Amino acid sequence: MNYWLFKSEPSCFSIDDLRARNKQISCWDGVRNYQVRNMLRDEIKIGDKAFFYHSSCTPPGVAGIVEVVKNGYPDHTAWDLQSDHFDPGSTPENPRWYMVDVKLVKKFPHFVSLDEIRRQSHLKKMLILRKGNRLSITPVTKEEWQVITEMGK
DNA sequence: GCCAACGTTGGC
DNA sequence: GCCAACGTTGGC
């Protein structure tokens, strides 16, 4: 079982939006980066857990935990003309983009801000802290997982 | 295959 | 709104 960090802008899709969903399950759609696509298609599996990270907001940080409940499958928003993520290069016959389904495990009682993460010596190597990191999904080590989970209590 | 121009991300 | 950093695009 692997650990991940999933970024989302809360103005677009927040942890409370997920909580409001039927069964607190949602597809994680809209990824349009090949490296992250490969993770969604090949590496991220049912039972994996991920931090739900709020980006481009004040403050940014980890809002809670989700669990993967469906393995990678084609992201149909890519062939939806109405979607912001429409991509004419992707078709049902030859899908270019993938997504997984996630289910809310918990919203942290204590939101773990980026600032707190930065100040924690055990978290210095997190990819989220690397300048210029452009991946909306990044792997998380077991130690990082445990530290942040503890901070969220 | 190079690389300049452009677009996007995301913290501040 | 700024801007650094990176990915993508497209002409050559």
Side-chain angles (χ1 to χ4, degrees), chain A residues 2-21 26-44 48-68 72-102 104-141 143-153:
Chain A
N2 290 308
Y3 299 107
W4 309 91
L5 182 145
F6 283 28
K7 275 187 217 170
S8 178
E9 298 184 24
S11 61
C12 178
F13 185 69
S14 72
I15 198 162
D16 289 326
D17 293 330
L18 177 59
R19 186 161 61 177
R21 289 292 176 89
S26 173
C27 55
W28 198 270
D29 64 300
V31 169
R32 297 293 179 267
N33 169 286
Y34 287 102
Q35 214 176 325
V36 179
R37 186 278 310 267
N38 293 346
M39 290 189 237
L40 286 168
R41 191 186 54 188
D42 307 327
E43 295 181 49
I44 300 170
D48 284 3
K49 292 199 177 133
F51 290 130
F52 194 128
Y53 181 89
H54 284 177
S55 68
S56 296
C57 57
T58 311
V62 176
I65 294 173
V66 299
E67 179 177 345
V68 177
Y73 62 108
D75 181 345
H76 53 75
T77 65
W79 51 77
D80 175 4
L81 273 167
Q82 312 301 321
S83 171
D84 290 339
H85 305 296
F86 173 73
D87 176 4
S90 187
T91 64
E93 297 73 32
N94 203 355
R96 174 179 290 176
W97 305 113
Y98 281 73
M99 59 189 180
V100 298
D101 285 358
V102 299
L104 182 65
V105 173
K106 72 161 97 169
K107 178 177 175 177
F108 281 156
H110 173 76
F111 180 88
V112 181
S113 72
L114 180 60
D115 213 47
E116 292 170 67
I117 292 171
R118 194 173 278 132
R119 291 201 306 263
Q120 235 294 338
S121 59
H122 292 98
L123 303 176
K124 292 246 185 285
K125 290 186 177 170
M126 285 196 77
L127 294 173
I128 200 78
L129 299 180
R130 263 197 29 206
K131 204 168 186 182
N133 165 49
R134 319 189 36 82
L135 301 179
S136 62
I137 295 180
T138 48
V140 168
T141 68
E143 189 193 8
E144 290 161 354
W145 182 269
Q146 287 166 345
V147 171
I148 291 184
T149 299
E150 199 60 35
M151 291 164 80
K153 286 178 180 171

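In the text below, chain A, chain B and the rest are named by the order of the sequence lines, each starting its count at 1. This structure is a prediction, so every number in the text was calculated from the model and none was measured.
- At the heavy-atom level, R118(A) lies under 4.0 Å from the strands shown only through sugar-phosphate atoms.
- You'll find that the side chain of N33(A) is closest to dG7(C), out of dA4(C), dG7(C), dG11(B).
- Applying the 4.0 Å criterion to OP1 and OP2 of dG11(B), one finds that R130(A) has every side-chain N and O outside that range.
- Atom P of nucleotide dG7(B) and atom CG of D87(A) are separated by 17 Å, given to the nearest angstrom.
- Checking dG11(B), dA4(C), dT8(C) against every side-chain atom of Y34(A), the shortest atom distance belongs to dT8(C).
- Checking T77(A) against R32(A) by side-chain atom types alone, a donor-acceptor pair falls below 3.5 Å.
- The residues D87(A) and R96(A) are annotated as salt-bridged, a charged nitrogen and a carboxylate oxygen being separated by less than 4.0 angstrom.
- Separating the CD1 atom of I128(A) from the C1' atom of dA5(C) is a distance of 15 Å, rounded to the nearest angstrom.
- D17(A) has no carboxylate O lying under 4.0 Å from a charged side-chain N of R21(A), or vice versa, which leaves the two without a salt bridge.
- Between the CG atom of N133(A) and the P atom of dG11(B) there is a distance of 10 Å, rounded to whole Å.
- Taking the six-membered ring wherever Trp is involved, the centroid distance between the rings of Y34(A) and W97(A) falls below 6.0 Å.
- When rounded to the nearest whole Å, the span between CD1 of I117(A) and P of dG10(B) equals 14 Å.
- One interatomic measurement links the two molecules: NZ of K131(A) to P of dG11(B), which rounds to 13 Å at whole-angstrom precision.
- Comparing atom distances between the S56(A) side chain and each of dT8(C), dA5(C), dG10(B) picks out dG10(B) as nearest.
- In this structure, of dG11(B), dG10(B), dT8(B), it is dG10(B) that holds the atom nearest to the side chain of K7(A).
- Residue D84(A) contributes atom CG, which lies 11 Å from atom P of dT9(B) at whole-angstrom precision.
- A straight line from CG of L135(A) to P of dG10(B) spans 9 Å, rounded to a whole angstrom.
- To the nearest angstrom, P of dT8(C) lies 11 Å from CZ of R96(A).
- With respect to R37(A) and D75(A), no salt bridge is recorded, no charged nitrogen being found less than 4.0 Å from a carboxylate O.
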